[in-house]
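Data first, discussion second: the structure below is written as C-alpha coordinates.
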Amino acid sequence: MAPKALDSCWWRPFTVSGNASVTYVDLSPDTERESSALGWLDRSERARLERIRTAWRRREFVLCRSALRAILCNRLDCDNSQLSFEDSEQGKPSALVRAASAAIDFSVSHSGLHALIAVVKEGRVGIDVEDRSIPRDIDGAASLTFTPVEQAELAALGGTRKTELFYRIWTMKEALIKALGVGFGLNPSRFEIPPAMRSGARQCVFRFPHLPDQRWRLEYLGNVDFAAAIATEPIKS
Amino acid sequence: MASTRNRISQLADEHLGLGPNPDFDAQLADAGVSSVDAVAFFKEVNEAFTLSLQAEECLQFRTLGTLEAYIDDNAD
(Lines give C-alpha, C1' and ligand atoms only; values in the text may rest on other atoms or scores of the structure.)
Protein backbone atom coordinates (compact mmCIF):
# COMPACT_ATOMS: atom_id res chain seq x y z
CA MET A 1 0.00 0.00 0.00
CA ALA A 2 1.41 3.41 -0.90
CA PRO A 3 1.66 6.06 1.82
CA LYS A 4 -1.18 8.53 1.76
CA ALA A 5 -0.65 12.09 0.61
CA LEU A 6 0.77 14.13 3.46
CA ASP A 7 -2.20 16.50 3.74
CA SER A 8 -4.53 13.56 4.37
CA CYS A 9 -2.23 11.88 6.89
CA TRP A 10 -2.84 11.73 10.62
CA TRP A 11 0.90 12.01 11.21
CA ARG A 12 3.33 14.80 10.43
CA PRO A 13 6.96 15.75 11.16
CA PHE A 14 7.28 17.24 14.65
CA THR A 15 10.98 17.90 15.28
CA VAL A 16 14.51 16.57 15.03
CA SER A 17 16.33 15.85 18.29
CA GLY A 18 19.95 14.78 18.06
CA ASN A 19 19.96 12.01 15.46
CA ALA A 20 16.26 11.23 15.99
CA SER A 21 13.40 12.28 13.78
CA VAL A 22 10.19 12.78 15.72
CA THR A 23 6.72 12.47 14.20
CA TYR A 24 3.46 13.71 15.71
CA VAL A 25 0.39 11.48 15.37
CA ASP A 26 -3.07 13.02 15.71
CA LEU A 27 -5.33 10.60 17.62
CA SER A 28 -8.54 12.59 17.22
CA PRO A 29 -11.59 10.41 16.44
CA ASP A 30 -12.00 10.06 12.66
CA THR A 31 -13.72 6.98 11.25
CA GLU A 32 -12.29 7.49 7.75
CA ARG A 33 -8.74 7.62 9.09
CA GLU A 34 -9.29 4.62 11.36
CA SER A 35 -10.68 2.58 8.48
CA SER A 36 -7.74 3.52 6.27
CA ALA A 37 -5.27 2.81 9.11
CA LEU A 38 -6.69 -0.66 9.65
CA GLY A 39 -5.53 -1.61 6.14
CA TRP A 40 -1.89 -1.22 7.22
CA LEU A 41 -2.05 -3.79 10.03
CA ASP A 42 -0.96 -7.42 9.68
CA ARG A 43 -2.82 -10.45 11.02
CA SER A 44 -1.18 -10.47 14.46
CA GLU A 45 -1.84 -6.76 14.92
CA ARG A 46 -5.49 -7.23 13.98
CA ALA A 47 -5.71 -10.06 16.51
CA ARG A 48 -4.24 -7.75 19.16
CA LEU A 49 -6.74 -5.08 18.17
CA GLU A 50 -9.56 -7.57 18.79
CA ARG A 51 -8.36 -8.01 22.38
CA ILE A 52 -8.50 -4.29 23.15
CA ARG A 53 -11.78 -3.52 24.91
CA THR A 54 -12.09 0.24 24.74
CA ALA A 55 -12.85 2.15 21.54
CA TRP A 56 -10.42 4.98 22.27
CA ARG A 57 -7.60 2.52 23.04
CA ARG A 58 -8.32 0.69 19.75
CA ARG A 59 -8.19 4.01 17.91
CA GLU A 60 -4.89 4.84 19.61
CA PHE A 61 -3.36 1.51 18.59
CA VAL A 62 -4.52 1.48 14.97
CA LEU A 63 -3.58 5.09 14.23
CA CYS A 64 -0.18 4.82 15.93
CA ARG A 65 0.80 1.44 14.52
CA SER A 66 -0.18 2.37 10.96
CA ALA A 67 1.79 5.63 11.21
CA LEU A 68 4.78 3.70 12.59
CA ARG A 69 4.55 1.25 9.70
CA ALA A 70 4.47 4.05 7.13
CA ILE A 71 7.47 5.80 8.73
CA LEU A 72 9.55 2.63 9.02
CA CYS A 73 8.73 1.48 5.47
CA ASN A 74 9.96 4.84 4.24
CA ARG A 75 13.15 4.78 6.33
CA LEU A 76 13.93 1.12 5.62
CA ASP A 77 12.87 1.26 1.96
CA CYS A 78 10.67 -1.80 2.30
CA ASP A 79 7.08 -2.74 1.55
CA ASN A 80 4.51 -2.81 4.35
CA SER A 81 3.99 -6.55 3.81
CA GLN A 82 7.71 -7.16 4.51
CA LEU A 83 7.63 -5.37 7.87
CA SER A 84 6.82 -7.08 11.18
CA PHE A 85 7.56 -6.52 14.87
CA GLU A 86 8.76 -8.55 17.82
CA ASP A 87 8.93 -7.68 21.53
CA SER A 88 11.96 -8.09 23.76
CA GLU A 89 11.57 -9.77 27.17
CA GLN A 90 11.21 -6.28 28.65
CA GLY A 91 8.42 -5.49 26.19
CA LYS A 92 10.39 -3.17 23.90
CA PRO A 93 9.32 -3.75 20.28
CA SER A 94 11.80 -3.93 17.42
CA ALA A 95 11.33 -4.01 13.64
CA LEU A 96 11.95 -6.94 11.30
CA VAL A 97 12.18 -6.73 7.53
CA ARG A 98 11.61 -10.04 5.76
CA ALA A 99 11.91 -11.64 9.24
CA ALA A 100 15.43 -10.24 9.83
CA SER A 101 16.25 -7.59 12.46
CA ALA A 102 16.26 -4.11 10.93
CA ALA A 103 19.05 -1.64 11.75
CA ILE A 104 16.75 0.93 13.28
CA ASP A 105 15.43 1.81 16.72
CA PHE A 106 12.15 3.51 17.47
CA SER A 107 9.99 4.55 20.38
CA VAL A 108 6.26 5.26 20.49
CA SER A 109 4.25 7.08 23.15
CA HIS A 110 0.65 8.22 23.30
CA SER A 111 -1.55 10.11 25.71
CA GLY A 112 -5.00 11.56 25.17
CA LEU A 113 -5.23 12.74 21.56
CA HIS A 114 -1.48 12.98 21.07
CA ALA A 115 1.21 10.48 20.08
CA LEU A 116 4.88 10.86 19.21
CA ILE A 117 7.07 8.42 17.28
CA ALA A 118 10.87 8.77 17.43
CA VAL A 119 13.14 6.91 14.99
CA VAL A 120 16.96 6.60 14.88
CA LYS A 121 19.10 4.69 12.40
CA GLU A 122 21.93 4.32 14.95
CA GLY A 123 21.89 4.00 18.73
CA ARG A 124 18.87 3.80 20.98
CA VAL A 125 15.95 6.15 21.55
CA GLY A 126 13.14 6.59 24.06
CA ILE A 127 10.26 9.05 23.95
CA ASP A 128 7.34 9.88 26.22
CA VAL A 129 4.34 12.17 25.83
CA GLU A 130 1.74 12.96 28.46
CA ASP A 131 -1.49 14.95 28.17
CA ARG A 132 -1.44 17.20 31.24
CA SER A 133 -5.20 17.79 31.09
CA ILE A 134 -6.11 14.22 32.10
CA PRO A 135 -6.89 14.15 35.86
CA ARG A 136 -4.41 11.85 37.62
CA ASP A 137 -3.06 11.11 41.07
CA ILE A 138 0.30 12.75 40.49
CA ASP A 139 1.26 12.67 44.19
CA GLY A 140 0.67 8.92 44.24
CA ALA A 141 2.73 8.37 41.10
CA ALA A 142 5.53 10.64 42.32
CA SER A 143 5.74 8.83 45.66
CA LEU A 144 6.97 5.67 43.92
CA THR A 145 9.01 7.15 41.07
CA PHE A 146 10.60 10.45 42.17
CA THR A 147 13.68 10.91 44.35
CA PRO A 148 13.20 12.60 47.76
CA VAL A 149 14.59 15.86 46.31
CA GLU A 150 12.20 15.71 43.34
CA GLN A 151 9.27 14.92 45.66
CA ALA A 152 10.15 17.87 47.91
CA GLU A 153 10.25 20.24 44.92
CA LEU A 154 6.87 18.94 43.79
CA ALA A 155 5.35 19.25 47.27
CA ALA A 156 6.39 22.92 47.43
CA LEU A 157 4.24 23.76 44.41
CA GLY A 158 0.52 23.82 43.74
CA GLY A 159 -1.91 24.11 40.84
CA THR A 160 -0.65 24.22 37.28
CA ARG A 161 2.99 24.74 38.32
CA LYS A 162 2.89 21.46 40.22
CA THR A 163 1.28 19.65 37.28
CA GLU A 164 3.83 21.14 34.91
CA LEU A 165 6.78 20.03 37.05
CA PHE A 166 5.38 16.55 37.60
CA TYR A 167 4.99 15.87 33.88
CA ARG A 168 8.31 17.50 33.07
CA ILE A 169 10.15 15.11 35.40
CA TRP A 170 7.95 12.11 34.56
CA THR A 171 8.38 12.37 30.78
CA MET A 172 12.15 12.74 31.07
CA LYS A 173 12.42 9.71 33.37
CA GLU A 174 10.21 7.59 31.16
CA ALA A 175 12.07 8.63 27.98
CA LEU A 176 15.39 7.64 29.60
CA ILE A 177 14.05 4.30 30.81
CA LYS A 178 12.53 3.53 27.42
CA ALA A 179 15.80 4.40 25.67
CA LEU A 180 17.67 2.04 27.97
CA GLY A 181 15.18 -0.67 26.96
CA VAL A 182 14.52 -2.09 30.40
CA GLY A 183 10.98 -0.88 30.97
CA PHE A 184 10.41 -0.11 34.62
CA GLY A 185 12.99 -2.81 35.43
CA LEU A 186 15.00 0.23 36.47
CA ASN A 187 13.42 1.98 39.44
CA PRO A 188 12.85 5.61 38.39
CA SER A 189 13.25 6.80 42.00
CA ARG A 190 16.90 5.71 41.90
CA PHE A 191 18.02 8.38 39.46
CA GLU A 192 17.43 12.10 39.48
CA ILE A 193 16.64 14.44 36.63
CA PRO A 194 19.31 17.20 36.68
CA PRO A 195 18.21 20.37 38.55
CA ALA A 196 18.66 22.56 35.45
CA MET A 197 16.28 20.35 33.48
CA ARG A 198 13.74 20.42 36.30
CA SER A 199 13.87 24.20 36.31
CA GLY A 200 13.32 24.79 32.63
CA ALA A 201 16.43 23.90 30.59
CA ARG A 202 15.51 22.15 27.33
CA GLN A 203 18.50 19.89 26.82
CA CYS A 204 21.38 18.22 28.66
CA VAL A 205 23.77 15.28 28.68
CA PHE A 206 22.54 12.70 31.17
CA ARG A 207 24.31 9.77 32.85
CA PHE A 208 22.59 7.08 34.92
CA PRO A 209 24.31 6.70 38.33
CA HIS A 210 24.86 2.98 37.70
CA LEU A 211 26.11 3.51 34.12
CA PRO A 212 28.43 6.54 34.39
CA ASP A 213 30.27 5.73 31.16
CA GLN A 214 27.11 5.95 29.03
CA ARG A 215 26.04 9.40 27.89
CA TRP A 216 22.49 10.21 26.83
CA ARG A 217 21.19 13.29 25.09
CA LEU A 218 18.05 14.31 27.00
CA GLU A 219 15.69 16.90 25.54
CA TYR A 220 12.40 18.23 26.84
CA LEU A 221 9.92 18.63 23.96
CA GLY A 222 6.85 19.83 25.83
CA ASN A 223 4.58 22.59 24.53
CA VAL A 224 1.21 24.09 25.46
CA ASP A 225 -0.62 20.95 24.31
CA PHE A 226 1.38 18.25 26.07
CA ALA A 227 4.50 17.36 28.06
CA ALA A 228 7.09 15.29 26.21
CA ALA A 229 10.73 14.29 26.35
CA ILE A 230 13.20 12.28 24.29
CA ALA A 231 16.44 10.50 25.15
CA THR A 232 18.92 9.47 22.45
CA GLU A 233 22.25 7.72 22.56
CA PRO A 234 24.93 10.02 21.13
CA ILE A 235 26.68 8.40 18.18
CA LYS A 236 30.42 7.93 18.52
CA SER A 237 32.07 9.55 15.49
CA MET B 1 -13.22 -9.60 55.16
CA ALA B 2 -13.63 -9.02 51.42
CA SER B 3 -11.68 -11.35 49.13
CA THR B 4 -8.50 -10.18 47.43
CA ARG B 5 -10.35 -10.07 44.12
CA ASN B 6 -13.13 -7.89 45.53
CA ARG B 7 -10.67 -5.44 47.09
CA ILE B 8 -8.61 -5.21 43.90
CA SER B 9 -11.79 -4.69 41.87
CA GLN B 10 -12.83 -1.86 44.17
CA LEU B 11 -9.40 -0.17 43.93
CA ALA B 12 -9.30 -0.63 40.15
CA ASP B 13 -12.75 0.90 39.85
CA GLU B 14 -11.89 3.87 42.08
CA HIS B 15 -8.40 4.60 40.73
CA LEU B 16 -8.33 3.24 37.18
CA GLY B 17 -11.96 3.64 36.18
CA LEU B 18 -12.23 0.01 35.08
CA GLY B 19 -15.76 -0.44 36.42
CA PRO B 20 -17.00 -2.67 39.25
CA ASN B 21 -16.24 -5.96 37.43
CA PRO B 22 -12.88 -5.56 35.65
CA ASP B 23 -11.45 -8.31 33.48
CA PHE B 24 -8.64 -9.87 35.54
CA ASP B 25 -7.09 -11.47 32.44
CA ALA B 26 -6.94 -8.32 30.29
CA GLN B 27 -3.64 -6.51 29.84
CA LEU B 28 -3.80 -3.26 31.79
CA ALA B 29 -2.26 -1.42 28.84
CA ASP B 30 -4.96 -2.77 26.53
CA ALA B 31 -7.57 -1.55 29.01
CA GLY B 32 -6.16 1.95 28.53
CA VAL B 33 -4.25 2.20 31.81
CA SER B 34 -1.33 4.61 31.44
CA SER B 35 1.97 4.16 33.26
CA VAL B 36 1.19 7.21 35.46
CA ASP B 37 -2.17 5.73 36.45
CA ALA B 38 -0.65 2.28 37.00
CA VAL B 39 2.04 3.55 39.37
CA ALA B 40 -0.48 5.62 41.35
CA PHE B 41 -2.78 2.58 41.51
CA PHE B 42 -0.01 0.41 42.92
CA LYS B 43 0.67 2.98 45.62
CA GLU B 44 -2.96 2.40 46.71
CA VAL B 45 -2.45 -1.37 46.47
CA ASN B 46 0.61 -1.09 48.74
CA GLU B 47 -1.44 0.72 51.37
CA ALA B 48 -4.49 -1.53 51.10
CA PHE B 49 -2.55 -4.80 51.37
CA THR B 50 0.40 -3.62 53.52
CA LEU B 51 2.88 -4.28 50.74
CA SER B 52 6.00 -2.35 49.76
CA LEU B 53 6.05 -2.85 45.99
CA GLN B 54 8.54 -0.61 44.20
CA ALA B 55 7.88 0.96 40.80
CA GLU B 56 9.98 -1.59 38.96
CA GLU B 57 7.98 -4.43 40.54
CA CYS B 58 4.59 -2.80 39.99
CA LEU B 59 4.75 -2.61 36.23
CA GLN B 60 5.67 -6.27 35.95
CA PHE B 61 2.05 -7.02 36.81
CA ARG B 62 0.55 -6.80 33.33
CA THR B 63 -2.91 -7.95 34.46
CA LEU B 64 -5.01 -7.68 37.63
CA GLY B 65 -4.96 -11.49 37.75
CA THR B 66 -1.17 -11.64 38.21
CA LEU B 67 -1.44 -8.99 40.92
CA GLU B 68 -4.16 -11.00 42.68
CA ALA B 69 -1.99 -14.14 42.66
CA TYR B 70 0.99 -12.20 44.03
CA ILE B 71 -1.06 -10.70 46.86
CA ASP B 72 -2.55 -14.04 47.84
CA ASP B 73 0.98 -15.40 48.12
CA ASN B 74 2.62 -12.44 49.85
CA ALA B 75 0.24 -10.14 51.74
CA ASP B 76 0.10 -10.20 55.55
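Since this is a predicted model, take the numbers as computed values, not measurements.
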- Non-hydrogen atoms of chain B under 4.5 Å away: do they reach the side chain of R58(A), the backbone, both or neither?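 Contact with chain B is absent: no heavy atom of R58(A) under 4.5 Å.
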- Query: Where does F166(A) contact chain B at under 4.5 Å (heavy atoms): side chain, backbone, both or neither?
  - Reply: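 When you check distances to chain B, only side chain atoms of F166(A) fall under 4.5 Å.
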- Message: Heavy-atom count check: over 12 atoms from other residues, nucleotides or ligands less than 6.0 Å from R161(A) CZ?
- Response: no
- Query: Counting heavy atoms not belonging to R215(A), are there more than 12 under 6.0 Å from its CZ?
  - Reply: no
- Note on the structure: Rounding to 0.5 Å, atoms CZ (R57(A)) and OG (S34(B)) come to a distance of 10.5 Å
- Item | Euclidean distance, T145(A) OG1 relative to K43(B) NZ, rounded to 0.5 Å | 11.5 Å
- Can you list the steps and then say if N46(B) with L144(A) is a side-chain contact (heavy atoms from CB on, under 4.5 Å)? CA-CA 10 Å; N46(B) 273 342; L144(A) 282 182; 4.1 Å; yes
- Item | Part of E44(B) within contact of chain A (heavy atom distance under 4.5 Å) | side chain
- Item | Neighbourhood of chain B inside residues 129-141 of chain A, taking heavy atoms under 4.5 Å as contact |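 The residues closer than 4.5 Å to chain B, in numerical order, are E130(A), R136(A), D137(A), G140(A), A141(A).
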